[in-house]
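What follows is a set of notes on a single structure, which appears directly below.
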Amino acid sequence: MQEIYIILESKPMIEQIWFPLAITLKIAVISTLAVALAGVIISYVLARRDFRGKWLADILVTLPLVLPPTVTGYLLVVLLGRNGFLGSILYNITGWGILFTWQAAAIAAFIVSIPLMVKTTTAAIEAVDRDFEYAAFTLGRKELDTALFITFPLARKGILAGIVLSFARAVGEFGATLMVAGNIPGRTNTMSISIYSAFQAGNSELANMLVIILVAISFLSMALTAKLVNSWRI
Amino acid sequence: MGIRVDFRKRYYRKKSDKKRGIEPAFLLDAKFEAGNELVVLFGRSGSGKTTTLQCISGLLEPNGGKIIVNDRTYFDCHKQINLPVQERSLGYVFQNYALFPHMDVKKNIAYGLKGWGEEEKDRRVREMLHLLHIEGLEDNYPLQLSGGQKQRVALARALAPKPDILLLDEPFSALDMIVRMKLRERIKQIQRELGIPVLFITHNHVEAFTIADKVVVFHEGHVQQTGTPEEVFYHPNNRHVAELVGMSNIFEDAVVVEADDGSGTVLLKSGEMLIRASNAGLRTGDRTSWGIRPENIRILHKDMEGTIQESNIFSASVRSTVNKGSSRLMALEVTEYQGLLLAEVPNQLLENRDLKTGDVCTIRIDINRIVLF
C-alpha cells in the first residue's frame with residue numbers, strides 16, 4: 001500500500017483527479033444504462049404481473065439495499081472469481097478474469113443501485129391508472145406497445161428519479177467496488193476510493209478537490225433532473 | 001346481428017376460497033340479447049354492470065358461458081374461444097374518460113388507427129372532430145378540456161377505428177345536467193347513424209328511460225328484467241326493479257280479497273287499507289305485492305273532498321314535506337294504514353294550499369297506475 005501512495009503523490013494533481021473522475025463516470029454511466037433498462041423491465045413485471053414467487057423476486061432485487069456493501073462485495077467475489085459460478089464460465093471461454101477490473105466495479109455499481117431503480121419505478125408504474133392501459137388495449141394496441149407509449153411515458157417522472165438515484169449511487173459506490181475491483185491506481189481507483197486513499201495518505205488537498213467534484217456531480221445531476229421534471233406537464 | 005350475452009363470472013374473497021370450495025363472494029350471471037340498438041345496463045353500484053362490460057370487452061375473462069357480437073364469438077367457454085381485447089373491435093368509453101394525458105386531442109383520437117396511412121388517419125380524425133362537434137380542440141391536451149369536451153373526445157377516440165360495438169361505462173356521471181342532455185341526444189343519433197349495438201351503463205333511472213331502446217336491469221349480479229323502457233318502468237316484474245325505477249311506495253303484505261267481479265280489477269287488503277288495482281290474473285286469496293310511484297298519488301282539491309265516490313280515496317296526514325322547486329315531496333300517513341306513502345305533487349297544483357306538517361288531506365291512488373308483482 002505504501003508504494004501506491006508514493007506513486008499517487010508523485011503524479012501531478014490534475015492526473016490524480018482526472019483518472020478517478022473518468023473511470024467513475026464511465027462505470028456510473030454504463031451501470032446506470034444497464035440499471036435503467038433492466039430496472040424498467042423488472043419494475044413493469046413486478047407492478048403489472050402476478051406470478052408464483054413474486055414476493056421472492058421482490059426481496060431478491062431489494063436485498064442489496066439492506067445488505068452491508070461488504071457482504072454484497074463478498075458475494076460478488078465468490079460469484080465472479082475464477083473459481084466462482086459465473087467467473088469460471090467466463091474464464092473458461094475467454095481466459096479473462098473479471099475481478100479487479102473496471103467492469104467488475106460496474107457490475108458492483110449495477111447490483112447496489114438496482115434496488116433504488118426498481119423500488120422507485122415500480123411505485124411509479126403502479127401509480128399509472130390501469131384504465132389508460134385498458135383504453136389502449138380496447139383501441140387494438142398490444143401490451144408491449146401500450147407499455148412503451150402509454151405506461152412508461154406516464155411513469156416517466158418516477159423512472160427518471162430512479163435513474164438519477166441509481167446514477168448517484170453508482171458514482172458514490174465504495175464498499176462493494178473496493179472488494180471486487182480493488183484500488184489499483186490507473187485501473188480501478190474510482191473517485192470515492194481515491195478520496196479514501198488520499199485521506200489515508202494525508203493528502204488533504206487532493207481529498208478536498210475530489211470531494212468537491214463528487215459533491216458537484218451529485219448536486220448537478222439532481223438539479224438538472226428537477227429542472228427537467230418541472231418542465232414536464234404530466 | 002346484435003349481441004348475445006350469457007355468461008357467469010365468480011369473484012372470491014381470497015384465492016384459496018375457490019380451491020376450498022367456498023361460495024364466491026359475488027356471482028355475476030349476465031344473460032340478455034339485443035339487436036343493433038341502444039341498450040342500457042341499469043342497476044345500483046356493485047350490481048355487476050361494469051363487470052359485464054369488462055367481460056364483453058375482454059378485459060375480464062368470464063368463468064363460463066358465451067358472448068357473441070354481430071355473429072362473431074368473442075368468448076365461448078366450451079369451444080375454448082377467448083378473443084383478446086385487441087381483436088374484438090370495440091369502442092370503450094371509461095367512466096373517467098381515460099384520455100391519455102400526455103397526448104393532445106388529435107393524437108388521442110388517432111391512437112386506435114394503427115396501420116392507417118397518414119392521410120387516412122388525418123381524414124378520420126377530422127371526421128370524428130366533426131361528428132362530435134369538437135373542431136378546434138385538436139391541439140389541446142386533456143388537462144385543458146372541460147368535462148363535456150373530454151367526454152366527446154373519449155367518444156371520438158372510441159369511434160375512430162370503426163368499432164363493431166360501443167361500450168359506455170357511466171359516461172355522463174361527472175357532467176352537469178345540460179351537457180348530459182345534449183350528449184344523450186348525440187349518442188342516440190350516433191347509434192342510429194352507425195347502426196351498431198351500443199351498451200350504456202347508468203344507475204340514473206331518468207337517464208336510462210330517456211336514452212334506451214332496451215333496458216337490462218341488474219340487481220346483485222343477476223339480470224332481473226329486460227325490456228323497453230316503458231315495460232321496465234311501468235311494469236317492473238319484481239320489487240328490486242320497482243325500487244330501481246323510482247317506485248318509492250312498495251307494499252309486500254297484500255292479499256286479494258275480491259277478484260273476478262267482471263270489472264277487470266281486484267280488491268286488495270294491505271294492512272288495514274282496502275285498495276283496488278287492475279287485475280293481472282290474480283284470484284281471491286292470492287298474496288301479492290303492489291307499488292305506486294310518488295307522482296301517481298294525487299292530492300284532491302279541497303272542493304272535491306267527500307264529493308266523489310270512487311275507490312282508492314284515502315284520508316292522510318302530512319308528516320313532512322320537501323320542496324324540490326317544481327314539485328314537492330310529501331310523506332303522508334294514511335289514516336287506515338300505519339305506513340308512510342311518499343307523494344310527489346307539482347307545486348302548481350298546490351298553489352292555493354299550503355299543506356304543512358300535521359295537516360290532513362284527501363288523496364287518490366290511480367287504479368291504473370298501481371303495479372302488482
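Proteins get letters first, then strands, A, B, ... in listed order; numbering begins at 1 in each.
- The structure places CD1 of A:I111 at 13.0 Å from CG of A:L65, a figure rounded to the nearest 0.5 Å.
- Interface remark: B:L167 contributes no atoms to any contact with chain A (heavy atom separation under 4.5 Å).
- Judged by the 6.0 Å and 45° rule, A:K26 forms a cation-pi pair with A:W102.
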Please tabulate, for the side chains in residues 53-61 of chain A, all donor-acceptor contacts under 3.5 angstrom to protein atoms that are two or more places apart in sequence or on a different chain.
{"residue": "A:K54", "atom": "NZ", "partner": "A:L46", "partner atom": "O", "Å": "2.8"}
{"residue": "A:K54", "atom": "NZ", "partner": "A:R49", "partner atom": "O", "Å": "2.8"}
{"residue": "A:D58", "atom": "OD1", "partner": "A:K119", "partner atom": "NZ", "Å": "3.3"}

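- Of the atoms belonging to B:E87, it is side-chain heavy atoms, and not backbone ones, that fall under 4.5 Å from chain A.
- Using a 4.5 Å cut-off between heavy atoms, A:D131 contacts chain B through both its backbone and its side chain.
- Among the residues in residues 122-140 of chain B, none has a non-hydrogen atom closer than 4.5 angstrom to a non-hydrogen atom of chain A.
- The ring of A:F174 has its center closer than 6.0 angstrom to the ring center of A:Y196.
- The greatest number of non-hydrogen atom pairs below 4.5 Å with chain B, out of A:D145, A:D129, A:T138, is found for A:T138.
- Surrounding NZ of B:K9 are more than 12 heavy atoms belonging to other residues, nucleotides or ligands, all under 6.0 Å away.
- The neighbour count for B:K188 NZ, taken as heavy atoms of other residues, nucleotides or ligands under 6.0 Å away, is above 12.
- Only the side chain of B:L59 comes within contact range of chain A, with heavy atoms under 4.5 Å apart.
- Salt bridge status for B:K162 with B:D164: absent, with no side-chain N to carboxylate O gap under 4.0 Å.
- Remark: aromatic rings of B:Y92 and A:Y134 are distant, center separation not under 6.0 Å.
- Only the side chain of B:F94 comes within less than 4.5 Å of a heavy atom of chain A; its backbone N, CA, C and O stay farther away.
- Of the candidates A:K142, A:R48, A:R141, A:E133 forms a salt bridge (Lys or Arg N to Asp or Glu O under 4.0 Å) with just one, namely A:R48.
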